[in-house]
Structure formats: structure tokens, C-alpha cells
Amino acid sequence: MGSAIMLAGAVSTVVLGVLITAHHLTSARRRSRREREAQRLRPLVFRLLGDPGLLPELVALDRRAWAAVEPTVISLLGNLSGAVREPLVDLLTHRGVLDSARRGLRARRARARVEAVHVVGLLRSKEDLPRVVSLMADPRPEVRVAAARALGGLADARGARPLLGGLSCSRPVPAHVVAHSLLALGPTANPVIMDALRHPHATVRAVAAEVLGFGGVVAAFPLLVRLLREDAELPVRLAAVRALARTGTPATAAVLIGFVGRGSPSELRIAAAEALGALGDPAAADTLGFLLAEEPHRLAHNASRSLLRLGDHGRDILSRVAGGSLGPAAAVHAIEALAWNQITHERLAAAARGHT
């Protein structure tokens with residue numbers, strides 16, 4: 001009896017192994033066949049970009065051929081912008097991909113919802129914006145992230161408030177995802193983002209400041225200055241410093257110089273010293289020079305690097321300080337910055353010679 005049980009178990013194991021092997025072989029053959037089909041059709045997809053007359057040929061592909069080439073179309077669409085996208089959008093729409101994605105927005109599986117909202121964003125189907133917004137409150141974080149990215153893809157200013165709302169709700173979306181999508185909305189969303197500088201939630205204010213800075217929105221200058229001067233949250237003030245440096249108005253240097261002194265928190269002084277270099281206004285050079293003798297170390301370090309970004313005037317100040325005009329500690333920072341600058345230029349020169 002025992003031998004029979006052992007034999008039956010051995011046979012079952014062998015049969016199971018054979019079935020698994022057969023499954024893997026079948027799957028491998030299927031993948032190989034699909035890849036060959038995709039390779040055959042990819043040139044046709046690329047030709048479609050320059051010749052919309054090829055659209056009917058691709059729309060007429062049988063189900064197996066379309067399944068092979070559809071991932072290529074979707075991937076390519078995600079890397080294109082402007083009018084060149086339109087033939088691919090038309091192709092996907094004619095093949096029913098948009099309709100399928102709309103159904104997928106209500107799917108039970110989170111993965112299906114993620115894939116669906118991604119396609120809706122790629123196709124910039126603005127009429128589906130309300131449903132995409134609803135997914136910003138999805139229980140699954142990966143769906144919320146996909147919905148936030150899709151709102152950026154839709155490039156509709158109506159998505160700005162839901163994106164900002166995704167920072168302060170009970171199920172928040174990561175700040176960097178929201179910021180990237182807000183930038184993708186373009187200038188039409190700026191009034192909403194500027195209004196968010198007054199939001200009661202600190203993260204919303206900080207992200208709004210960063211986005212306005214990256215967008216170079218000069219109109220936000222007075223609001224950013226108020227944040228820097230009055231906000232109770234240090235991360236918000238730091239975001240305002242970085243944003244002000246990127247807006248680059250003529251009055252920015254004077255504002256930032258006002259926050260590198262000893263009356264400001266160390267982190268704010270450090271950020272302002274770096275921002276003055278990013279701003280590139282020579283008016284900040286003398287102030288940055290004096291900061292080389294200040295503590296903490298990062299403040300003097302940032303000041304030295306910022307002086308390098310101010311051109312000849314900044315390097316002249318570094319050379320004087322390197323000679324000991326502000327003491328040995330400041331001299332060390334200046335010497336290090338000048339050495340780093342020389343090494344960088346030598347490497348760039350060597351790279352340039354290598355390409356000639």
C-alpha cells in the first residue's frame with residue numbers, strides 16, 4: 001500500500017513537471033511569435049507619423065497582429081508631443097483602445113485601473129477628466145499616482161485644484177508627482193496655483209511655490225516674498241527661496257540677501273546662499289564673499305560655489321579671500337572652490353579635445 005502511494009506521488013510529480021515545462025515552452029513560443037509580429041509592424045507604425053494615409057491599414061489589422069503592435073504604439077505615444085501625436089491617437093481611438101480604457105477606469109482590479117487611466121491620460125481625453133479626478137481618491141496608492149499623472153497628461157487647467165487637493169487629503173499623492181503634473185498643465189493653471197500659496201496646508205503652499213518657480217512665473221513674485229517673510233513653516237520658506245531664484249526678477253537679489261544674515265534660521269541662510277548663485281546676479285557677490293567666513297560649514301560652502309556662478313567678479317572675490325583677507329577658515333573655502341573650478345574646466349577641455 002505504501003509503495004503504491006509513493007509511486008502515485010512520483011507519477012504526479014513527473015506529470016506536474018511535464019505540464020509546467022509544456023506551459024513555459026508554449027508561453028515562450030507565443031512571446032517569440034508576438035515579438036516577430038511586432039518587429040514586422042513597427043516600421044509601419046513609424047511611417048504612420050509622416051503618412052496618415054496608412055491609418056486604414058493599421059486599423060484593419062487582425063486581433064493577433066494588433067495585440068503584438070499595440071504596446072509599441074502606446075509606448076511611442078508617450079514619447080511624442082504636439083501634432084505628430086495625432087495619427088497615433090486616431091489609430092488607438094479607431095481600434096477601440098479609448099473605449100476599453102474608459103471601461104477599465106471602473107475595473108475591480110487596481111492594476112486594470114492603473115493601466116486604463118494611463119491610456120486616458122496619453123490620449124488626452126479631456127471629457128474623461130471627472131472620472132480621472134475621482135480616481136485621485138482611490139483606496140490604492142498606485143491608482144492615485146496614476147490618476148495624478150494622467151491629469152497632467154490631459155493638460156487641462158481644471159485638473160489643478162484636484163491635484164493640489166491630493167496633497168492635503170487623507171489619502172495623499174506624493175508631492176513630486178503632483179508638482180510634475182501641475183507643471184504639465186501650463187500657464188492656464190497658474191492662477192489656481194498662485195491662489196494655493198494661501199492654502200492652510202503647508203505642503204500645498206510649498207508645492208505651489210516650487211511649481212511657480214520652475215515655471216518662472218514672475219507674477220508670483222510678491223506672493224513668494226510674503227511666504228518667505230511671513231510663513232510659519234520652514235519648508236515653505238525654503239521652497240519660496242528656491243522659487244524666487246528661478247523667477248529671476250531684478251528685485252530678487254535684494255530680497256534673498258536679506259535672509260543670509262545671522263538673524264535667519266541656518267537652513268534658510270544656507271538655501272539663500274545657494275539661491276543667489278542660481279540667480280546669477282553680480283550684485284550678490286560681496287555678500288557671498290563675507291559668508292565665506294560664516295558658520296555653519298554648508299553656508300560658507302554654498303557661498304563659495306555661488307561665487308563661481310557669478311563669473312569673473314565672483315572669482316576675483318574668491319581669489320582675494322584665498323589670500324587670507326577674511327581669515328584662514330574663509331581662505332580654505334575659497335581655495336577649495338577655485339581648485340574645483342579649475343579641475344572642472346580642465347575636464348571639460350579634455351572632453352572637448354576628445355570630440356575633435
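One is the number of the first residue; the rest follow in order along the sequence.
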J.: Which heavy atom of D281 sits nearest to which heavy atom of A253, and what is that distance?
T.: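 Closest heavy-atom pair between D281 and A253: OD2-CB, 3.5 Å.
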
J.: Can you tell if the side chain of V145 reaches within under 4.5 Å of the side chain of P174, non-hydrogen atoms only?
T.: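 In contact.
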
J.: Less than 4.5 Å apart, any side-chain heavy atom of R113 and any of V117?
T.: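 When only atoms from C-beta onward are counted, V117 and R113 do not touch, as no gap falls below 4.5 Å.
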
J.: Indicate if M194 and L228 have the same hydrophobic cluster label, given that clusters are the connected sets of ILVMFWY residues with side-chain heavy-atom separations under 4.5 angstrom.
T.: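 Yes, same cluster.
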
J.: Any non-hydrogen side-chain atom of D156 less than 4.5 Å from a side-chain atom of L185?
T.: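 A side-chain contact under 4.5 Å is absent here.
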
J.: Apply side chain to side chain contact (heavy atoms under 4.5 Å, CB included) to I343 and R347, showing your working.
T.: CA-CA 6 Å; I343 291 169; R347 286 176 175 172; 3.7 Å; yes

J.: Identify the heavy atoms of G159 and P162 that sit nearest to each other, and give their distance.
T.: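 Closest approach of G159 to P162, heavy atoms only: O-CD, 3.3 Å.
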
J.: With rounding to the nearest 0.5 angstrom, report the CG to CD1 distance, L288 to I257.
T.: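 Taking CG in L288 and CD1 in I257, the distance rounds to 7.5 Å.
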
J.: Using the side chain to side chain contact (heavy atoms under 4.5 Å, CB included) rule, pick out the option among L92, L91, L88, V73 that qualifies with L58.
T.: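 The option that passes is L91.
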
J.: Mark yes or no for whether R140, through its side chain, and A110, through its backbone, hold a donor-acceptor pair below 3.5 Å.
T.: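 Side chain of R140 to backbone of A110, a donor-acceptor pair under 3.5 Å: no, none is there.
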
J.: Before accepting this row, confirm whether a basic side-chain N of the pair D128/R131 lies closer than 4.0 Å to the acidic partner's carboxylate O.
T.: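 No.
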
J.: Tell me whether V332 is reachable from L292 by hopping between hydrophobic residues (I, L, V, M, F, W, Y) whose side-chain heavy atoms are closer than 4.5 Å.
T.: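 L292 does not cluster with V332.
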
J.: Apply side chain to side chain contact (heavy atoms under 4.5 Å, CB included) to the pair L44 and E57, showing each step before the final yes or no.
T.: CA-CA 9 Å; L44 186 61; E57 185 176 349; 3.7 Å; yes

J.: Could you please spell out the steps behind the side chain to side chain contact (heavy atoms under 4.5 Å, CB included) verdict for L299 and S266?
T.: CA-CA 8 Å; L299 174 61; S266 292; over 6 Å; no

J.: Not counting sequence neighbours, which residues clear side-chain hydrogen bond (donor to acceptor under 3.5 Å, both in side chains) with D231? List them please.
T.: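 Applying side-chain hydrogen bond (donor to acceptor under 3.5 Å, both in side chains) to D231 gives R205.
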
J.: Heavy atoms only: give me the nearest A285-L307 pair and the separation to one decimal.
T.: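 Taking A285 first and L307 second, the nearest heavy atoms are O-CD2, 3.5 Å.
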
J.: Check whether any side-chain heavy atom of L268 sits under 4.5 Å from a side-chain heavy atom of V241, and report yes or no.
T.: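 Yes. Closest side-chain heavy atoms under 4.5 Å.
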
J.: Distance check, rounded to the nearest 0.5 Å: L308 atom CG versus I317 atom CD1?
T.: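 Answer rounded to 0.5 Å: 11.5 Å.
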
J.: Write out all pairs satisfying ring-ring contact (aromatic ring centres under 6.0 Å, His included) with one or both partners inside residues 250-300, taking only residues at least two apart or from two chains.
T.: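 ring-ring contact (aromatic ring centres under 6.0 Å, His included) check on residues 250-300 returns H297-H333.
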
J.: I'd like to know if the side chain of R149 reaches the main chain of V177, judged simply by a donor and an acceptor atom lying under 3.5 Å from each other, with no hydrogens or angles considered.
T.: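 It does not hold such a pair.
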
J.: Can you find a heavy atom in the side chain of L224 that is under 4.5 Å from one in the side chain of R242?
T.: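 Result no, sub-4.5 Å side-chain heavy-atom pair not found.
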
J.: State whether R269 and E294 are salt-bridged, where the test is any N-O pair (Lys NZ or Arg NE/NH1/NH2 against Asp/Glu carboxylate O) under 4.0 Å.
T.: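 Between E294 and R269 there is a salt bridge, with a charged N closer than 4.0 Å to a carboxylate O.
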
J.: In terms of side-chain geometry, is the basic nitrogen of R246 or E210 positioned less than 4.0 Å from the acidic oxygen of its partner?
T.: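 Yes, this pair counts.
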
J.: Could you state whether I335 and L318 fall into the same hydrophobic cluster, counting links through intermediate Ile, Leu, Val, Met, Phe, Trp or Tyr residues with side-chain heavy atoms under 4.5 angstrom apart?
T.: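 As far as the 4.5 Å side-chain criterion goes, L318 and I335 are not connected within one cluster.
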
J.: Ion pair present between E127 and R102, side-chain N to carboxylate O less than 4.0 angstrom?
T.: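 Here E127 pairs with R102 in a salt bridge, since their nearest N and O are under 4.0 Å apart.
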
J.: State, to 0.1 Å, how close R229 and V255 come at their nearest heavy-atom pair, and which atoms those are.
T.: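 Scanning both residues, the minimum pair turns out to be NH2-CG2, 4.3 Å.
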
J.: Give the intermediate values and the outcome of side chain to side chain contact (heavy atoms under 4.5 Å, CB included) for residues L348 and T344.
T.: CA-CA 6 Å; L348 289 173; T344 301; 4.2 Å; yes

J.: Has the side chain of S306 got a donor or acceptor atom that lies under 3.5 Å from a matching backbone atom of N302?
T.: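 Yes: the side chain of S306 pairs with the backbone of N302.
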
J.: Go through the steps to decide whether T72 and S75 satisfy the test side-chain hydrogen bond (donor to acceptor under 3.5 Å, both in side chains), and finish with yes or no.
T.: CA-CA 5 Å; T72 296; S75 176; over 6 Å; no

J.: Grab the two heavy atoms, one from A148 and one from V173, that are nearest each other, plus how far apart they are.
T.: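 The answer is CB-CG1, 3.9 Å.
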
J.: Does some side-chain heavy atom of R111 sit less than 4.5 Å from a side-chain heavy atom of E142?
T.: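 No, too far: nothing below the 4.5 Å cut-off.
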
J.: So, taking the atom named CZ in R124 and the one named CG in L129, what distance separates them when rounded to the nearest 0.5 Å?
T.: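 The distance works out to 14.0 Å.
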
J.: Looking at F221, I'd like to know if its CZ atom is crowded, meaning that more than 12 non-hydrogen atoms belonging to other residues, nucleotides or ligands lie closer than 6.0 Å.
T.: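 Correct, the count exceeds 12.
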
J.: Going by the side-chain hydrogen bond (donor to acceptor under 3.5 Å, both in side chains) test, which pairs reach into residues 160-181, not counting sequence neighbours?
T.: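 Non-adjacent pairs meeting side-chain hydrogen bond (donor to acceptor under 3.5 Å, both in side chains): zero.
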
J.: Identify the two heavy atoms, one from T247 and one from L244, that lie closest to each other, and give their separation to 0.1 Å.
T.: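 Closest pair (atom of T247, atom of L244, distance): OG1-O, 2.8 Å.
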
J.: Report the C-alpha separation of E230 and R237 in whole Å, then their side-chain angles, then the decisive distance to 0.1 Å, and conclude whether the salt bridge (Lys or Arg N to Asp or Glu O under 4.0 Å) test is met.
T.: CA-CA 8 Å; E230 302 176 7; R237 299 179 75 190; over 6 Å; no

J.: Flag the pair M136 / L163 as yes when at least one side-chain heavy-atom distance between them is below 4.5 Å, and no otherwise.
T.: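 Side-chain contact under 4.5 Å: yes.
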
J.: To the nearest 0.5 Å, what is the distance between CZ on R85 and CG on D90?
T.: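 Here the interatomic distance stands at 11.0 Å.
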
J.: Do H199 and L164 have side chains that approach each other closer than 4.5 Å (heavy atoms only, starting at C-beta)?
T.: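 The answer is no; the side chains never approach within 4.5 Å.
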
J.: Might you confirm whether atom CZ of R95 has over 12 heavy atoms from other residues, nucleotides or ligands at distances under 6.0 Å?
T.: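 It does: R95 CZ has more than 12 such atoms within range.
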
J.: Group every Ile, Leu, Val, Met, Phe, Trp and Tyr by side-chain heavy-atom contacts under 4.5 Å, then state whether V218 and I193 land in the same group.
T.: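 Shared cluster, no.
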
J.: Assess whether salt bridge (Lys or Arg N to Asp or Glu O under 4.0 Å) is satisfied between R64 and D62, documenting all intermediate values.
T.: CA-CA 6 Å; R64 176 178 291 180; D62 62 42; over 6 Å; no

J.: Within this structure, what is the CG-OG distance for the pair L105 and S134, rounded to the nearest 0.5 Å?
T.: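 Interatomic distance, L105 CG to S134 OG, rounded to 0.5 Å: 7.5 Å.
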
J.: Assess whether a salt bridge exists between R298 and E274, defined as any Lys/Arg side-chain N lying under 4.0 Å from an Asp/Glu carboxylate O.
T.: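 The answer is no: the pair does not qualify as a salt bridge.
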
J.: Using 0.5 Å steps for rounding, measure from the CG atom of L276 to the OG1 atom of T252.
T.: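 Between L276 CG and T252 OG1, I get 9.5 Å after rounding to 0.5 Å.
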
